[in-house]
Amino acid sequence: MAWPETDTETTQYLAAGSAPAGENAAGQSDPGQSGPGDPSANETTQYIPPVPTDDSPAPHYLTAALPAQGATAYAAPTSHSGHGAHGTAGDGSGADGTPDGPDDSDGGRRLGRARKPLLVAAAVVGVLAVAYVVDIFVTSGDVPRGTVVAGVEVGGMSRSAAEDTLRSELEPRMTQPVQYRAGDVDGEFDPNEAGLRLNWSETLDEAGDQPLNPFTRISSFFTDREVDPVTDTERNQLGNALVAMQETTDHEPVEGGIEFEGATPKPVDPKDGQKLNVEKAEDIIVRSWADGRRLALPVDKTPVSISKDDVQAMLKDVAEPAVSAPVVVRGEGADGTLEPEDIAAGLSFEPKDGKLTPRIDRKKMAAGVQDDLADTVKKGRDAEIVFEGGAPKVEPSEDGKRIKWKETFEPLMDVLKKTDEREIKAQYEKEPAEVTTEDAENLGIKEVIGEFSTGDFAADSGVNIRRVAEEVNGAIIKPGDTFSLNQHTGPRTAAQGYVEAGIIEDGAPGKAVGGGISQFATTLYNAAYFAGMTDAGHQEHSYYISRYPEGREATVYQTADGASVIDLAFTNDLPKGVAIQTEWTPSSITIKLWGTKKYDVQSRTGERTNIVKPETKRGPAGDECSPSEGAPGFTVTDTRVLRDVDSGAVNEETRTVRYNPQPKIVCGGRDR
């Protein structure tokens, strides 16, 4: 065997921590130590394998004298020349007792310095390697150390123990509401109703196997590793739960503003709008619902434009001074007073261009002083056509005087910001009549151009017919204007003097407030028909009523609150104006249209066709039943013939009407 070529190789043959005799740890001579071959009672002998040479094929041992306490072992020095091969180790002399050369001495010292840290490092690595192998063996099959699931530590446990621990800790959470916060809204939901279930096996699979990386294993002693529990999710149920959550989480932005409670201004703090981000919220819920902590769900914000500081500034600078005292409105001959409550009712604040802006409602402000200033204004009166002695007469118009509220309230905002000198001046203007005396005289209302009468109505219907006749009498229709019966009278309810009277409903007699107005409408329609007016919309009855002309009648209908449903309207396409005259008696109603005659009008009614016999129906039980013989249904065509009185030109207009059969109503007994 060959000798090692370097000091490093030499150290491979030396025992750990040895040094030549007579030297300390630093490799220096220490005369106070015993030399080789002179062991004492305080010395020990350590056997060290010598470095083999070509001359010593069999291994043998050298002895080295060591101090009893902390002594350093002695190793046989290396020598390429063979010196010291058979001498005592470390005595500094060769086989013949002569000292070793300087090169051998330096090499020994270098060897002593290098071999100690290397051997210590090798020993540490060896210990760690053994510990690593033992740790892998001991923890094989367990959940990796440091694993935490939903706040529950299960690291280092067997899978069965880990599952038992998770069930013990987490199953109670499955029956408890899950708290959440979404933006500015707090809430909770039932995980069971949301279709959420924990999958224990897949959760432990998610924790993984034991790591082989030594650094990972070492760090697991000092750190935790969070593992999300695996959830089995019923997506439809979770989707429904999220929709329900949106009913509370989602809200539109609320701009900052100021509201009044009576005459006291209150700030309205701004609040951003928000909508739940459903996709991200679903992911967070599935991953973290079992953690036992309140979930933070994401929302998409809609920012407001008015800040809280803007609201406070407007409250201090405008709202509070505005209602601090009344405002006097100086009129012509009388004054009005806007009390703080009146001001609060007419003052509002709205966001505009990123700022909170005060706004005055002139109508509400005017309502606060109208009664006080009523004597300073005058209502105008239009010229009217009145009928005296059976002939039309013009009732002259009168101009009025009114307050120009826009101009009156122009300086009000500046006044409201002050706490003294709080008054404004009312501005007035002349209010001309819409129909002047001259206008009425030029209408050409001089002769009857259309007239029609009907009768045979009940007393209660007669009350309503008389009431509507009073409202329509004297109405003027200028050339090109359209007259609407529902619009002219407005609601026809008990408040306007109408009573309950007979009607036909679904083919059967009935009663309603305003019953009988259809007879007035039929009479007016025929008067306009023969005056040559243009039909602007009407509707016949569904069932034919024998006292009306076939195919030449009309019905009207309003809801209980007066809204128009079926109307009668016609347009004055004549060159002159038209005035309506009504003449009522307890048994008849006559309507005349006055103007300048343009047409001679005739009506031609065709034969009934498509006749359908009525069916028999049982009426309501008790006294509410009104028997009826019914009437057949049929189709009829009416033709209006208009001849121009000036040119003689003739024009014909045709209208076909279909009437439903009116059922026969029987009361009591059986249908026949």
Side-chain angles (χ1 to χ4, degrees), residues 252-273 302-382 398-434:
E252 295 298 321
V254 177
E255 290 288 357
I258 297 172
E259 295 179 348
F260 289 92
E261 294 181 2
T264 304
K266 301 289 185 181
V268 177
D269 290 335
K271 185 178 182 180
D272 289 340
T302 302
V304 295
S305 59
I306 306 300
S307 70
K308 189 173 182 178
D309 291 341
D310 292 336
V311 173
Q312 291 298 323
M314 190 59 61
L315 179 70
K316 179 180 179 182
D317 297 339
V318 179
E320 291 177 346
V323 292
S324 61
V327 173
V328 177
V329 181
R330 302 292 183 190
E332 295 180 358
D335 295 335
T337 301
L338 283 171
E339 298 293 345
E341 290 79 8
D342 300 323
I343 297 170
L347 180 62
S348 62
F349 297 84
E350 60 184 25
K352 184 177 181 182
D353 299 329
K355 295 182 179 180
L356 192 60
T357 305
R359 187 179 71 86
I360 290 176
D361 187 324
R362 293 195 297 269
K363 289 185 178 180
K364 291 182 179 180
M365 290 292 186
V369 293
Q370 277 180 335
D371 291 344
D372 297 336
L373 301 176
D375 293 339
T376 70
V377 298
K378 179 182 178 183
K379 185 175 179 61
R381 185 169 65 86
D382 291 340
E398 291 185 7
D399 291 335
K401 177 184 178 183
R402 65 185 178 189
I403 297 174
K404 298 190 293 183
W405 294 112
K406 180 179 179 181
E407 290 76 8
T408 298
F409 291 132
E410 195 74 36
L412 180 59
M413 185 58 70
D414 293 332
V415 172
L416 293 178
K417 296 177 183 179
K418 300 188 298 184
T419 56
D420 56 359
E421 299 180 2
R422 294 168 63 88
E423 65 177 48
I424 56 177
K425 184 177 180 181
Q427 304 295 320
Y428 293 84
E429 67 178 351
K430 182 179 179 181
E431 184 180 21
E434 291 186 9

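As the structure is a computational prediction, the values presented were derived from the model and not from experiment.
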Practice task
Look at atom CG of Asp353 and say whether more than 12 heavy atoms of other residues, nucleotides or ligands are closer to it than 6.0 Å.
Solution key: no

Handout entry: Donor-acceptor under 3.5 Å (Glu320 side chain, Pro265 main chain)
Key = no

Exercise for the section: Check the surroundings of atom CD in Glu259: do more than 12 heavy atoms from other residues, nucleotides or ligands lie under 6.0 Å from it? Expected result: no

Fill in the blank from the handout: Sorted by chain and number, sequence neighbours left out, side chain to side chain contact (heavy atoms under 4.5 Å, CB included) with Asp317 holds for Ala313

Practice task
Taking all non-hydrogen atoms of both residues into account, name the closest pair between Arg362 and Lys406 and its distance.
Solution key: CD-CA, 3.4 Å

Would you list the atom pairs, donor with acceptor, under 3.5 Å between side chains in residues 326-351 and any protein atom, with sequence neighbours excluded?
residue, atom, partner, partner atom, Å
Arg330, NE, Glu423, OE1, 3.3
Arg330, NH1, Asp335, OD2, 2.6
Arg330, NH2, Glu423, OE1, 3.0
Glu332, OE1, Lys401, NZ, 2.7
Asp335, OD1, Gly331, N, 3.3
Asp342, OD2, Glu339, N, 3.0

Handout entry: More than 12 heavy atoms of other groups within 6.0 Å of Glu429 CD
Key = yes

Problem - Within 6.0 Å of NZ in Lys418, more than 12 heavy atoms from elsewhere - result: yes

Handout entry: CD (Glu434) with more than 12 external heavy atoms under 6.0 Å
Key = no

Exercise for the section: May I ask you to check whether over 12 heavy atoms, not counting those of Asp269, lie within 6.0 Å of atom CG? Expected result: yes

Handout entry: Asp310 side-chain N/O to Lys355 backbone N/O, donor-acceptor pair under 3.5 Å
Key = no

Problem - Under 3.5 Å donor-acceptor, Asp399 side chain and Ala433 backbone - result: yes

